[in-house]
Amino acid sequence: MIVLATILSGLSLLMSLLLLIHLRSGLGWLLLFLKLPAGAMSLYWAIMGAVGAVLGWVYGALWAVPMGLLGAGIMIWYVWRCTRDHQRFENAFGAGWSDQIPPQQARHMIQKRWTWFLKMKASPEPSLEQDIPLWTIPGTERQLLCDLWRPADGKMSGLAFIYFHGGGWFFGDKNTGTRPFFHHLVAQGHIVMDVAYRLCPEVDIYGMIGDVKRAIAWMKANADRYGVNPEKIVLGGASAGGHLAQLAGYTPEHPELTPDDLISADLSVSGVISFYGPTDLLTFYQYMKFQPTAGRSPVHNGLDSTPSKRDLGRDPLFFLLGGWPQDAPHMYKLASPINHVHPGCPPTLLIQGNHDVVCSMDATRALYAKLVESGVPAINAVLPWTAHAFDVALPQVNPAAQSALYDVDRFLALLVNK
């Protein structure tokens, strides 16, 4: 029992101390895979520490008592900080914001910011159509594909949520780690469109943002077929997908960021949700401490003929934007959502942990401040001691992920009834 008390208390303390560390690039990438379960299972680590402290007291392993109590205390403090209420909805939508959500719709949202185990399955099971073609790439037979999630019972909210996966603009695909999230949204009557946009090095930022806007155009063209109000389309995404959602949402008519075939199309959306998406690509370049690779010079459209996965991971912005900041300053400005904020931007929900190893929290705060200054309803939900990609780690028990879902539920409900 002495050994067990030491192990339980020690693990609880170790995981709690890991929560306190703000990981950065380099070794931080390795520790990120430990920090994610540390936060996701925080209350269970707290229980482990408490049990270790009790066993240490009972069986004379007195060193286990302070270790376990300290680990448990830090974890409980983390849960409380992540799940406490905030006034950001009131600041964005007014003092009576909750009255704008009809009671019948509120019943389908999660009622607490955190619970021991959140049921995220839709009942009945949603309808899922996979690999729906959106567009055929000119000169090829290859098609841009999406998956469409719909409520099986036909009880529709009229809102469509178009989602773009993360992956640093060069890897990832639709239907990867998002099923619990989509089940949760479909249970509230929303339609979810999960898009497999093209990646680097096949395309650069122009091709990617074109795919995002083609998804918007497709959903608007098929709105009647799927029971969607074309004025209630919301863009969302994680990391690189969050960046693309912001950029497309803020530039529906931008001539450089709109394909020629969509110039006359209505590409406006009613909202944007970004999970830890980069907001300023120059700041992102500096925050990630990217360094120009010796011997590599800018190439047409930022595309290399034979880049390896290592090249793409080390220099993603080079391939996305066609060069380094000193070579392509216009592209870094053009592709940064913060440079496209204006009073007509759609309401925006920004969700990010303040220990994000990838995206600067200061840059996200700067975007939020600019949105507010422009009169755009905006919410910046900052999760303390929380890392990048936190929402994919055990969302059913993860306090940060559940708190984020609580905000997403209410944000979408407000947009349905706006």
Practice item. Would you please classify the geometry between the Trp116 ring and the Trp114 ring as parallel, tilted or perpendicular, with 30° and 60° separating the classes? Key: tilted
**Study point:** Non-hydrogen side-chain atoms of Leu144 and Thr136 separated by less than 4.5 Å
**Key:** no
Practice item. Report yes or no: do His388 and Ser239 form a side-chain donor-acceptor pair below 3.5 Å? Key: yes
Point to revise | Side chains of Asp266 and Ser268, donor plus acceptor under 3.5 Å | key: yes
Exercise for review: Please work out which of the three classes, parallel, tilted or perpendicular, describes the rings of Trp385 and Tyr78, given edges at 30° and 60°.
Suggested key: parallel
Check your understanding: Cut-off 3.5 Å, side chains only: do Asn417 and Gln105 have a donor facing an acceptor?
Key -> yes
Point to revise | Pairwise side-chain contact, Val195 with Met193, heavy-atom cut-off 4.5 Å (strictly under) | key: yes
Check your understanding: In this structure, are over 12 heavy atoms from other groups packed under 6.0 Å from Gln286 atom CD?
Key -> yes
Check your understanding: Would you say Gln352's side chain and Thr364's backbone share a donor-acceptor pair under 3.5 angstrom?
Key -> no
**Study point:** Heavy-atom side-chain proximity of Gln188 to Leu412 below 4.5 angstrom
**Key:** no
**Study point:** Leu282 versus Pro325, closest heavy-atom pair with distance
**Key:** CD1-CB, 3.8 Å
Practice item. Verify whether one side chain among His190 and Ser157 offers a donor that lies under 3.5 Å from an acceptor in the other. Key: yes
Exercise for review: Check whether any side-chain heavy atom of Leu148 lies under 4.5 Å from a side-chain heavy atom of Met219, and answer yes or no.
Suggested key: yes
Check your understanding: If we only count heavy atoms from C-beta on, is the Lys174 to Leu145 side-chain gap below 4.5 Å?
Key -> yes
Point to revise | Glu256 vs Leu334 side-chain heavy atoms within contact, under 4.5 Å | key: yes
Practice item. Go through Val357 and Met288 one step at a time and tell me if the side-chain contact (heavy atoms from CB on, under 4.5 Å) criterion holds. Key: CA-CA 8 Å; Val357 68; Met288 289 292 291; over 6 Å; no
Check your understanding: Between Pro151 and Pro126, is any pair of side-chain heavy atoms under 4.5 Å apart?
Key -> no
Practice item. Decide whether His340 and Gln246 meet the rule of one side-chain donor and one side-chain acceptor closer than 3.5 Å. Key: no
Exercise for review: Validate the cation-pi geometry between Arg410 and Tyr406: distance from NZ or CZ to the six-membered ring centre under 6.0 Å, angle to the ring axis within 45°.
Suggested key: yes
Check your understanding: Is the closest side-chain heavy-atom distance between Met75 and Trp80 below 4.5 Å?
Key -> no
Check your understanding: Could you give the distance from CG (Leu247) to CG (Leu281), rounded to the nearest 0.5 Å?
Key -> 8.0 Å
Point to revise | Steps toward side-chain hydrogen bond (donor to acceptor under 3.5 Å, both in side chains) verdict (Thr348, Tyr250) | key: CA-CA 10 Å; Thr348 299; Tyr250 300 165; 2.9 Å; yes
Revision key, fill the gap. Distance col, row Tyr285:OH vs Asp280:CG, nearest 0.5 angstrom, shows 14.0 Å
Point to revise | salt bridge (Lys or Arg N to Asp or Glu O under 4.0 Å) assessment of Glu202 paired with Arg142 | key: CA-CA 13 Å; Glu202 180 183 358; Arg142 185 179 164 206; 2.3 Å; yes
Exercise for review: Using a cut-off of 6.0 Å, state whether more than 12 heavy atoms not belonging to Trp135 lie near its atom CH2.
Suggested key: yes
Point to revise | Ser360 (side chain) donor-acceptor with Ala363 (main chain) under 3.5 angstrom | key: yes
**Study point:** Trp169-Phe284 aromatic ring centre distance below 6.0 Å
**Key:** yes
Check your understanding: Are the charged groups of Asp407 and Arg113 less than 4.0 angstrom apart, N to O?
Key -> yes
Review point. When the ring centroid of Tyr163 is compared with that of Phe182, is the distance short of 6.0 Å?
Key: yes
Review point. Parallel, tilted or perpendicular: which fits the ring planes of His355 and His22, with parallel below 30° and perpendicular above 60°?
Key: parallel
Study note, to complete from the structure: Value for CZ (Phe161) from CG (Asp194), rounded to nearest 0.5 Å, stands at 9.5 Å
**Study point:** Within the 6.0 Å centroid threshold, strictly below: Tyr197 and His165
**Key:** yes
Review point. Any donor-acceptor pair under 3.5 Å linking the side chain of Trp45 with the backbone of Ala40?
Key: no
Review point. Does Glu253 come within less than 4.0 Å of Lys213, counting only side-chain N to carboxylate O?
Key: no
Exercise for review: Assess the side chains of Tyr276 and Asp391: does a donor N or O sit below 3.5 Å from an acceptor N or O?
Suggested key: yes
Check your understanding: How many angstroms lie between atom CH2 of Trp77 and atom OG of Ser42, to the nearest 0.5 angstrom?
Key -> 14.0 Å
Check your understanding: How about Asp409 and His184: does a side-chain donor come under 3.5 Å of a side-chain acceptor?
Key -> yes
